[in-house]
Structure formats: structure tokens, C-alpha cells
Amino acid sequence: ENQSGSSVLKNLLSRHAAYFNGLAHVTIKVGDQEYKGVSNHKFRGNSIYSRVYGPKRYIRMEAPDRDFVLQGDLHTPELDVYYEGGKQHVAITTGSTHINSGYAQRFFSLLTIPAYPCIVLHPNEHLMTPFWSINEAVRYVSAC
């Protein structure tokens, strides 16, 4: 695939779902606040102690202006709120929404670990509130 410049998997997936196989720097405007984020399937760097080591390393080394960083790949969720360079950052490894494969059923899916970390971005002040699950975030937003 690398030599030919095309991906059979990407072509198949693009017919049924949005598919992006690169690094995405995004700017999201919520109300009068602007949030900068970065997302990738997997960031370089590993640690046996932290699933968000790679995403945090990327912000530290290459994108200190980003507010949050999202990663998939590891199939086990983790989130970290931390301060570095005088500002708050949120790092999330989301886990997986895939629930039907043998791999997901053995190691992680929303059926085995009902968690999918996410962030609520506030519209009136530059504040990010992370939640361990989407259900928690929905309850929080509904109560506001």
C-alpha cells in the first residue's frame, strides 16, 4: 500500500464511514471560546505506566499550543488532565467503539468496559471538563 499510494482498506471504509488515516489539528469554536486539539490513531511513544504517554509527548514536543489531544489505538481508555507550559491540557486515549470482533470482546469494548472518555468544552470561559463516559457528560450537560 505504501509503494502503490492506495489503500484497499481505506477505499472500502470510505464508502461506509468517515475515514481519516492521518494526524488532524483542529480548531473548534464553542460560543465565544476557541479550543485547539489534535487527534491521531496512535502517537509515538509508549509507557507501561500510562496509555496517554504518547499523546502527552506529542503536545510537549510538537504542539504546545493544543488544548487537548485524542488517541484511539490502545483499546483501553485513559484520560489525564495536566498543566504544562502554564496551561491546562487534556489527554485522552478513547478505547474503542468496536464491539463485535473477538479481539474487542476479549480486551475492550463498550460491552466489557462501559467507558469512553470525552470532553465538554464550555462556551463562556476557556474551560474543558473531562468525563470518564459519554453518559456522565450527557447528564452534566443536561443539568446545566
Side-chain angles (χ1 to χ4, degrees), residues 1-2 7-144:
E1 290 181 355
N2 287 339
S7 167
V8 174
L9 177 62
K10 181 177 178 181
N11 291 337
L12 289 171
L13 288 174
S14 67
R15 294 180 195 160
H16 303 287
Y19 180 81
F20 178 74
N21 64 350
L23 179 70
H25 279 239
V26 298
T27 301
I28 300 171
K29 188 166 172 85
V30 180
D32 56 3
Q33 298 299 311
E34 199 170 86
Y35 297 91
K36 294 182 177 186
V38 59
S39 178
N40 200 2
H41 182 78
K42 172 121 174 77
F43 289 92
R44 284 186 2 205
N46 295 309
S47 168
I48 63 172
Y49 303 110
S50 173
R51 290 177 198 91
V52 292
Y53 175 82
K56 288 171 69 173
R57 178 187 176 279
Y58 182 80
I59 284 201
R60 180 178 299 116
M61 305 293 283
E62 301 188 41
D65 66 324
R66 302 286 107 178
D67 297 306
F68 63 88
V69 56
L70 309 172
Q71 168 179 272
D73 191 64
L74 301 180
H75 296 266
T76 306
E78 185 170 324
L79 73 89
D80 191 12
V81 179
Y82 65 101
Y83 286 86
E84 187 166 67
K87 68 185 286 188
Q88 177 188 3
H89 302 278
V90 177
I92 291 179
T93 295
T94 58
S96 176
T97 57
H98 194 264
I99 59 175
N100 293 324
S101 74
Y103 179 85
Q105 290 173 357
R106 278 192 311 277
F107 297 105
F108 173 78
S109 77
L110 289 173
L111 297 177
T112 58
I113 302 173
Y116 197 85
C118 58
I119 310 167
V120 171
L121 305 173
H122 294 259
N124 300 325
E125 61 180 309
H126 199 81
L127 178 65
M128 300 174 292
T129 304
F131 291 92
W132 186 239
S133 73
I134 294 171
N135 286 337
E136 290 176 22
V138 168
R139 282 194 301 271
Y140 172 80
V141 170
S142 297
C144 289

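No experiment lies behind these values; they were computed from the predicted model shown.
- With Thr93 contributing its side chain and Arg51 its backbone, the two residues share a donor-acceptor pair below 3.5 Å.
- Using a 4.5 Å heavy-atom threshold, the side chains of Phe131 and Val141 count as separate.
- Using modelled atom types, no side-chain atom of Gln33 and backbone atom of Leu121 make a donor-acceptor pair closer than 3.5 Å.
- Once rounded to the nearest 0.5 Å, the distance linking CG of Asp65 with NE2 of His89 reads 9.0 Å.
- Aromatic ring pairs are classed by plane angle as parallel below 30°, tilted from 30° to 60° and perpendicular above 60°; the pair His122 and Tyr140 is perpendicular.
- Expressed to the nearest 0.5 Å, how far CZ of Arg57 lies from OG of Ser50 amounts to 13.5 Å.
- Looking at Tyr82 and Ile59, their side chains come closer than 4.5 Å, going by heavy atoms from C-beta outward.
- One distance of note links CD1 of Ile92 with OH of Tyr116; it measures 9.5 Å at 0.5 Å rounding.
- Side chain of Asp67 to backbone of Lys36: a donor-acceptor contact under 3.5 angstrom is found.
- A donor-acceptor pair under 3.5 Å links the side-chain atoms of Tyr35 to the main chain of Leu127, judged by distance alone.
- The CD atom of Gln71 sits 12.5 Å away from atom NZ of Lys56, with the distance rounded to the nearest 0.5 Å.
- Once rounded to the nearest 0.5 Å, the distance linking CG of Leu79 with CD1 of Ile119 reads 8.5 Å.
- Taking NZ of Lys87 as the start and NE2 of His126 as the end, the distance is 5.5 Å to the nearest 0.5 Å.
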